[in-house]
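Some notes on the structure that comes next.
By convention in this document, chain letters (A, B, ...) are assigned in the order of the sequence lines, proteins followed by strands, and residues within each chain are numbered from 1. Because only heavy atoms are used, hydrogens play no part in the values below, and waters and symmetry mates are left out as well, while side chains stay in. The structure presented is a predicted model; accordingly, all values stated were derived computationally and were not measured.
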Amino acid sequence: MFLQQLYLFNFRNIEEARLSFADRIICLLGKNGSGKTTVLDAIHYLSFTKSAVNPADAQNIRHGEQQFVIRGKFQEQETTTEVTCAYTTGQKKIINEDGRDYAKFSDHVGKYPVVMIAPQDIELIWDGSELRRKFVDSVLSQLDKTYLENLIVYTYQLKQRNSLLKSFAEAGRVDQDLLASYDHRLVPAAHYIFEARANFLKFFIPFFRDQYRYLVGDVGEEVSIEYQSDLRDKDFATLLSQNLQRDVLLQRTTTGIHRDDFDFRINGFELKRHGSQGQQKSFLIALKLAEFQAIAEKKKFKPILLLDDIFDKLDDERIHQLMRLVAQGQFGQLLITDARADRTLQIMETEKLNATIFRVENGKVTNG
Amino acid sequence: MEYPSKLIEEAVNEVSKLPGIGKKTALRLVLHLIKETEHQTFALTEALNKLRKNIRYCNTCFNISDNEECAICTSHRRDKSIVCVVEESKDVMAIENTAQYTGVYHVLGGVISPIQGVGPGDLQIESLVLRVSKSTEIKEIILALNPTMEGDTTSFYLNRKLQGLPVKVTSIARGVPVGGDLEYADEITLGRSITARTLFH
């Protein structure tokens with residue numbers, strides 16, 4: 001997949017920008033806060049219908065304005081399509097493809113896949129299980145529509161069930177039949193999600209291990225992702241009935257796939273506590289590169305790769321390894337941001353890579 | 001928007017509370033009313049007053065009715081052994097328009113949704129169970145709720161509540177609309193109509 005043109009209007013700190021991308025590699029260079037990440041985030045919007053940085057659409061409009069517009073022209077083999085995302089204060093966000101609005105955004109997600117590697121990825125290791133589930137959900141939703149549908153059903157029915165548990169507490173009485181009415185929908189959805197997550201990891205981990213080994217070399221480090229789920233040992237219907245007393249007492253559902261976690265481990269130990277900073281960074285980059293490979297493998301075309309400020313976080317050896325993958329043509333289109341222009345220009349020269357260079361300054365993007 | 005009169009503003013505010021009517025449409029309706037003769041406007045308000053004061057619900061099926069018992073429940077031509085359960089009165093009208101159904105109805109008045117604070121006690125569910133258990137005539141209950149998540153949950157709950165009573169519980173079929181195109185049918189509907197296929201005769 002190739003992004004040929006990108007147009008931004010009143011998006012974050014960029015008033016207006018028209019960018020044409022001729023090369024496979026695009027570098028956006030400029031000081032911190034100049035608007036480099038804004039360009040990457042705009043592409044993220046076109047792919048996922050939302051920001052990678054700030055989930056509130058209204059806060060992504062340029063200060064003092066009423067509307068932002070992002071438009072991109074994508075090319076895949078012989079066909080080009082234009083995707084527009086526009087948001088006006090107080091109105092519904094619009095996503096359209098070649099002039100046709102989507103009724104459901106879930107129909108759009110997965111059509112223009114993008115993988116982004118950014119400094120905030122570290123939260124995947126440090127934060128709670130929710131972010132790790134989100135990561136797996138976001139990859140799986142792009143690959144399997146039934147997964148996304150089951151996830152929507154599960155999330156909604158769970159919300160209903162939790163409201164119901166609260167109402168039981170108020171009424172001081174439990175209606176078993178009513179509870180069963182929710183459980184009978186939750187159970188199959190949970191089993192589908194559980195199976196899909198387990199199968200996905202089996203498919204994903206070989207890619208992930210390859211990437212990690214490539215990045216750090218053959219130093220005998222063993223990385224793994226372990227899937228933790230209440231559903232591992234028992235079926236969900238049994239779990240729900242076993243936890244009924246506790247659920248009623250706590251007024252929420254205390255078991256299920258909404259409590260799953262993915263343990264990141266290195267040599268069998270918890271990565272968060274026992275991994276060095278360098279190991280953690282390599283882990284994250286390998287995770288994202290494996291995401292790239294997994295999507296490319298299933299979709300039969302390569303997603304666009306967005307590398308936000310990653311040279312800062314890596315030592316020269318790892319940068320070199322990553323750039324070798326780029327030179328070998330492992331990736332499709334690639335956008336790189338860097339605050340230190342000289343460093344990126346030098347890397348491009350050492351690795352003999354042709355790149356389109358953009359300078360970003362105070363929300364203005366200029367070619368050259 | 002600035003209105004030339006407080007009276008207009010009040011009227012617009014009230015009319016725009018109706019479903020499907022925004023401020024602009026409300027203003028158009030209000031301006032239309034004051035252009036008409038006084039008689040016509042009072043005919044409207046009188047109809048609304050009478051509606052509000054005298055509207056009642058059938059004691060048996062809870063459909064909108066002029067009397068204690070609705071015309072369907074009192075009709076001799078209706079088959080009292082089949083009861084079709086629907087969410088709202090408008091669903092009764094939709095099924096009546098098909099002219100395919102000769103049984104009677106039971107109007108729940110909504111569906112169960114704990115998020116919105118609607119529980120079984122807010123709906124005509126107990127009255128349905130009571131109606132079925134007291135009757136010797138009723139043989140079949142048709143669940144004709146909307147195919148939404150809440151509708152499905154409510155159907156499941158009703159089925160549970162009716163278990164043990166000597167009635168057959170059925171549900172309306174889900175499938176491809178007449179005159180539709182298979183290609184454009186959504187996957188869930190198409191999938192259901194494949195698994196619940198019927199004999200061709």
Residues at least two apart in sequence or cross-chain that pass side-chain hydrogen bond (donor to acceptor under 3.5 Å, both in side chains) with T238(A), listed by chain then number, are D235(A)
Shortest non-hydrogen pair, V85(B) vs L145(B), comes out as O-CD2, 3.7 Å
Closest non-hydrogen contact found for A180(A) with F156(B) is O-CE2, 3.4 Å
What donor-acceptor contacts under 3.5 Å connect chain A and chain B, backbone and side chains included?
residue: Y156(A); atom: OH; partner: E150(B); partner atom: OE2; Å: 2.2
residue: Q160(A); atom: OE1; partner: I115(B); partner atom: N; Å: 3.0
residue: Q160(A); atom: NE2; partner: S113(B); partner atom: OG; Å: 3.0
residue: Q160(A); atom: NE2; partner: E150(B); partner atom: OE2; Å: 3.3
residue: D175(A); atom: OD2; partner: Y157(B); partner atom: OH; Å: 2.7
residue: D177(A); atom: OD1; partner: R160(B); partner atom: NH1; Å: 3.3
residue: D177(A); atom: OD2; partner: K161(B); partner atom: NZ; Å: 3.1
residue: R185(A); atom: NH1; partner: D152(B); partner atom: OD2; Å: 3.3

Determine yes or no for a side-chain-to-main-chain donor-acceptor pair under 3.5 angstrom, with [X] supplying the side chain and [Y] the backbone.
| X | Y | value |
| --- | --- | --- |
| R62(A) | F68(A) | no |
| S141(A) | L148(A) | no |
| N60(A) | N54(A) | yes |

